[in-house]
Amino acid sequence: MRTGRPKQPLMLTEEEQERLASLAHRARSKPALARRARVVLACAEGLDNKAVARKLRCSLGMVSKWRGRFLQTRLEGLYDEPRPGAPRKVSDEQVEKVVIQTLESTPRGQTHWSTRELAKATGLSRMTVSRIWRAFGLQPHRTENFKLSPDPLLIEKVRDIVGLYRNPPDHALVLCVDEKSQIQALDRTQPMLPLRPGQLERRTHDYKRHGTTSLFAALELKTRRVIGALHRRHRSQEFRRFLDTSEANLPSELDVQIVLDNYGTPKTAIIRKWFAKRPRFHIHFTPTYGSWINLVERWFAEMTNKRIRRGIFRSVSELEAAIREYIEVHNEDPQPFVWNRTADQILASIERFAQRTRATVQPC
C-alpha cells in the first residue's frame, strides 16, 4: 500500500503561532495571505496535506506549496516576492519617512494627511504617496468606532451566551430579546425619483419627521421566527406587555432561555416580579456595551436595510404597518442565523485588540 513520502513535521514557535493567527483572522489581511496562513496553521495541527486540503477546500498542490515554502523560509515565505520591472526611483529612506510622517504627525491646522498634502511636504508625487499608503495599509481618511466592554463578567457572559447559540438545549427555547427604540417615520420633502436604466433611485437629502415608534422583538434561535410588538413608548410597562404577548405565543411545556440586553428596563421591579412568577424563564444578560452578541440585533439591522432606511412614511401608522408587514413576510419563510465563532475565538480577538492598542491609547 502506497502512503507517499513522510512529511517533515511543521512546528511553530509561540510568536509564529500568534502572527499566523493574526494574519488568518484579521479583517484587513489580504485574502491570499490569510488563506496561506490558515494552511500553515492547519498543517501545524499535525494534519497531512490531503486532510488540510479537504478542511480548507483548496487544492492539494496549494497545501504542498505553502507547507514547503514555510518550512524553508518561515513567515517571510508566505509573502509574494517582488515582481520584475523598472528600477525603483524611491529609496527605502523616503518610504520610511512617508510612513512615519503619516503615523506620527498631522498637517498644520488639520486632523489627518491627504495624498496631496503629504506629497507637498515630502517632495514626492501624489501617486507615489498613494502607492506607499496602499502597500502599508494606511488610510488616514478613514476611521472606525470601537467600544470595549468594561463588564467584570465579560468572559463568563460571552461563554454563557455563545454556548447557548452553538449548543442550544434540547427541551427549551432560546429567545433573543431586545428593543429597537425611536424608529423615525421620515418623509422626504420632494417626491422620490424612481430607479431607471442608467439612473439610480434618487431622493432629497432633507426630510420631514412625523413621530417615532419602538419595536420590541424576540427572535427564536432555532427557527428565526420573530415575535414583535410596537409601542409608542418604551417603558417597563410596555416591555411587560410585550413579555405577556411572547408568553402567549410560546409552548407552555418548554423552558425558555432569554438572551437580554443589559440595560435598565428589564431590571425594574415590575419586570423582576414578572420573571420571579415564571420560573421556566431563565435570563442571560449580555455584557455591558455588548449588544453585538444578541442575535436579534442582526435581525434589526436586516429589517433596517430592507424596509426602514429607504422607506417613505407620512405617519407613524404607516411606519408601524410597514414593520408589521415585514415581520409577517419574514415569518413565512424564516432562515435561521448560524453562529460560527466560538467563545475562545471572540475572547482571543478582544485580547489581541487590547494588546495592540494599549501602548497607543491617547488620554481622553
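Computed over heavy atoms, backbone and side chain alike; hydrogens, waters and symmetry mates excluded.
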Between [X] (side chain) and [Y] (backbone), is there a donor-acceptor pair under 3.5 Å?
X      : Y      : value
Asp160 : Glu156 : no
Glu325 : Ala322 : no
Glu16  : Thr13  : yes
Ser246 : Phe242 : yes
Asp151 : Thr288 : yes
Trp113 : Gln101 : yes
Ser64  : Leu60  : no
Arg38  : Ala24  : yes
Gln355 : Arg352 : no

Can you check side-chain contact (heavy atoms from CB on, under 4.5 Å) on Gln345 and Asn340, steps first, answer last? CA-CA 10 Å; Gln345 289 174 328; Asn340 291 315; over 6 Å; no
According to the interplanar angle, ranging from 0 to 90°, do the rings of Tyr165 and Trp339 count as parallel (below 30°), tilted (30 to 60°) or perpendicular (above 60°)?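 Tyr165 vs Trp339 ring planes: tilted.
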Take the angle between the ring planes of Trp274 and Phe281 and call it parallel below 30°, perpendicular above 60°, tilted in between.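 If you compare the ring of Trp274 with that of Phe281, the planes turn out perpendicular.
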Counting only heavy atoms not in [X], do more than 12 sit closer than 6.0 Å to its [atom1] atom?
X      : atom1 : answer
Glu14  : CD    : no
Arg166 : CZ    : yes
Glu253 : CD    : yes
His141 : NE2   : yes
Lys222 : NZ    : yes
Lys50  : NZ    : no
Arg310 : CZ    : no

Same cluster or not: Ile293 versus Leu154, using hydrophobic residues (I, L, V, M, F, W, Y) connected whenever any side-chain heavy atoms lie under 4.5 Å apart?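 The answer is yes; both residues are in one hydrophobic cluster.
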For residues Leu319 and Val226: do they belong to one hydrophobic cluster (side chain heavy atoms under 4.5 Å, members Ile, Leu, Val, Met, Phe, Trp, Tyr)?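 In one cluster: yes.
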Does the pair His234 and Gln182 meet the rule for a side-chain contact (heavy atoms from CB on, under 4.5 Å), with working shown? CA-CA 9 Å; His234 52 102; Gln182 302 296 311; 3.5 Å; yes
Show your working on side-chain contact (heavy atoms from CB on, under 4.5 Å) between Arg19 and Arg74 and close with a plain yes or no. CA-CA 11 Å; Arg19 179 63 178 157; Arg74 310 308 289 182; over 6 Å; no
Does Lys267 qualify as a cation-pi partner of Phe285, given the criterion of NZ or CZ under 6.0 Å from the six-membered ring centre and within 45 degrees of its axis?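 Output yes; distance and angle both within limits.
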Just verifying a value: how many Å separate [X] [atom1] and [Y] [atom2], rounded to the nearest 0.5 Å?
X      : Y      : atom1 : atom2 : answer
Leu71  : Met11  : CG    : CE    : 11.5 Å
Leu56  : Leu47  : CG    : CG    : 9.0 Å
Glu247 : Ile227 : CD    : CD1   : 11.0 Å
Leu215 : Asp178 : CG    : CG    : 9.5 Å
Thr245 : Arg241 : OG1   : CZ    : 9.0 Å
Phe239 : His231 : CZ    : NE2   : 10.5 Å

Test: [X] and [Y] ion pair at under 4.0 Å:
X      : Y      : value
Arg196 : Glu201 : no
Glu220 : Arg225 : yes
Glu302 : Arg224 : yes
Asp187 : Arg209 : no
Glu238 : Arg240 : no
Lys55  : Glu45  : yes

After noting the C-alpha distance and the side-chain angles of Asp261 and Asn294, does the key distance pass the side chain to side chain donor-acceptor pair (under 3.5 Å) rule? CA-CA 7 Å; Asp261 266 20; Asn294 196 334; 3.3 Å; yes
Go through it in stages, so that I can follow the logic: the residues are Val40 and Arg36, the test is side-chain contact (heavy atoms from CB on, under 4.5 Å), and I'd like the CA-CA distance, side-chain angles, deciding distance and then a yes or no. CA-CA 6 Å; Val40 175; Arg36 296 166 195 172; 5.7 Å; no
Is a side-chain donor-acceptor pair under 3.5 Å present for [Y] with [X]?
X      : Y      : answer
Gln190 : Thr204 : no
Thr102 : Trp133 : yes
Thr268 : Arg272 : no
Asp255 : Gln257 : no
Asn262 : Thr286 : no

Kindly give the heavy-atom pair with the smallest separation between Glu318 and Phe313, and that separation in Å.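 Heavy-atom minimum between the residues: OE1-CA, 3.7 Å.
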Show, in sequence, the C-alpha distance, side-chain angles and deciding distance for Arg69 and Thr73, and conclude whether the side chain to side chain donor-acceptor pair (under 3.5 Å) test is met. CA-CA 6 Å; Arg69 185 82 66 87; Thr73 55; 5.8 Å; no
For a side-chain contact (heavy atoms from CB on, under 4.5 Å) with Ile283, tell me which candidate from Leu260, Val259, Val256 qualifies.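 When side-chain contact (heavy atoms from CB on, under 4.5 Å) is applied between Ile283 and each of Leu260, Val259, Val256, only Leu260 qualifies.
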